Peer 1: 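Once you've had a glance at the structure underneath, I'll fire off some questions.
Please read all numbers here as calculations on a predicted model, not as lab measurements. Here is the naming used below: chain letters follow the sequence lines, and residue numbers restart at 1 for every chain.
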Amino acid sequence: QKEVEQNSGPLSVPEGAIASLNCTYSDRVSQSFFWYRQYSGKSPELIMSIYSNGDKEDGRFTAQLNKASQYVSLLIRDSQPSDSATYLCAVNGGYQKVTFGTGTKLQVIP
Amino acid sequence: DAMVIQNPRYQVTQFGKPVTLSCSQTLNHNVMYWYQQKSSQAPKLLFHYYDKDFNNEADTPDNFQSRRPNTSFCFLDIRSPGLGDAAMYLCATSRDGQSTDTQYFGPGTRLTVL
């Protein structure tokens with residue numbers, strides 16, 4: 001069973017701080033990794049994708065991938081109350097299928 | 001704007017009464033997916049189409065069926081909804097289903113079973 005694991009949280013950070021969200025996956029052949037943001041009652045929205053080891057930055061967001069450790073993370077700098085949501089880690093192992101984690105709930109405290 | 005549309009946004013049905021959920025896309029993507037998501041859980045893939053090729057997940061109950069009459073539309077049929085089928089149903093698309101492809105989600109349909 002291919003698994004994607006995340007700490008369910010909630011992760012509480014003060015406004016302006018860095019939020020660090022972590023994800024581990026079990027399938028070593030996984031090639032692509034995605035972070036989605038999901039507000040309560042809404043559908044997932046893509047934040048970042050990463051395919052190679054290392055860091056990828058986009059605005060306040062940085063995704064980090066370490067395939068040897070089967071670990072992917074998302075850093076949110078200068079966290080805002082509007083960042084409060086559940087963040088889903090998703091892993092694509094091929095064959096047109098993506099496996100999602102259960103998500104980490106982030107709360108940014110004003 | 002190219003997008004994924006789901007109708008209705010909210011659906012209420014009675015126990016055992018068939019229901020159909022609709023998804024359409026203007027992205028001209030080859031792959032369309034249906035997910036079920038319950039509260040505080042990960043989206044669970046039910047099935048997907050690569051063009052007209054239907055791919056069912058092994059643990060998807062027979063109560064769930066799907067149709068894709070053309071590239072733009074895909075339907076989810078729940079033949080006899082039970083209380084446990086109350087959930088958010090998410091439709092998603094991707095261009096070719098390659099490992100680097102992004103999945104784009106519609107707004108979802110919230111299903112309530114009375």
Peer 1: Might you confirm whether atom CG of B:Asn70 has over 12 heavy atoms from other residues, nucleotides or ligands at distances under 6.0 Å?
Peer 2: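 Enclosed: over 12 neighbouring heavy atoms sit under 6.0 Å from CG of B:Asn70.
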Peer 1: Check for me, please, whether A:Leu11 and A:Leu74 land in the same ILVMFWY cluster - side-chain distances under 4.5 Å, paths through other members count.
Peer 2: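 Cluster IDs for A:Leu11 and A:Leu74 match.
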Peer 1: For residues A:Gly101 and B:Ala42, report the shortest heavy-atom separation together with the two atoms involved.
Peer 2: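 Smallest interatomic distance, heavy atoms only, reads O-CB, 3.1 Å.
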Peer 1: Which region of A:Gln38, side chain (C-beta onward) or backbone (N, CA, C, O), has a non-hydrogen atom less than 4.5 Å from a non-hydrogen atom of chain B, or is it both or neither?
Peer 2: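 Only the side chain of A:Gln38 comes within 4.5 Å of chain B.
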Peer 1: Please report the closest heavy-atom contact between B:Thr102 and A:Tyr36, naming both atoms and the distance.
Peer 2: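 Answer, listing the atom of B:Thr102 first, then A:Tyr36: CG2-OH, 4.1 Å.
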Peer 1: Name the region of B:Gln37, side chain, backbone, both or neither, that has any atom closer than 4.5 Å to a heavy atom of chain A.
Peer 2: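 Contact with chain A involves the side chain of B:Gln37 alone.
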Peer 1: Going hydrophobic residue to hydrophobic residue with side-chain gaps under 4.5 angstrom, can you get from B:Phe75 over to B:Phe105?
Peer 2: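 Looking at the clustering, B:Phe105 is in a separate group from B:Phe75.
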Peer 1: Got more than 12 heavy atoms from elsewhere within 6.0 Å of CZ, B:Arg68?
Peer 2: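 Correct, the count exceeds 12.
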Peer 1: Counting only heavy atoms not in B:Lys38, do more than 12 fall under 6.0 Å of its NZ?
Peer 2: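 Yes - once you tally the heavy atoms of other residues, nucleotides and ligands closer than 6.0 Å, there are more than 12.
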Peer 1: Between B:Asp101 and A:Asn92, which heavy-atom pair has the shortest distance, and what is it?
Peer 2: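 That closest heavy-atom pairing would be O-ND2, 4.4 Å.
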Peer 1: Which atoms of A:Phe33 are under 4.5 Å from chain B, going by heavy atoms: the side chain, the backbone, both sets, or neither?
Peer 2: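 Answer is neither: A:Phe33 stays 4.5 Å or more from chain B.
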Peer 1: If I compare all heavy atoms of B:Pro107 with all of A:Ser43, which pair ends up nearest, and what's the gap?
Peer 2: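 Scanning both residues, the minimum pair turns out to be CA-OG, 3.6 Å.
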Peer 1: Does a sphere of radius 6.0 Å around OH in A:Tyr39 hold more than 12 heavy atoms from other residues, nucleotides or ligands, not counting ones at 6.0 Å or beyond?
Peer 2: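 Atom OH in A:Tyr39 is crowded, with more than 12 foreign heavy atoms closer than 6.0 Å.
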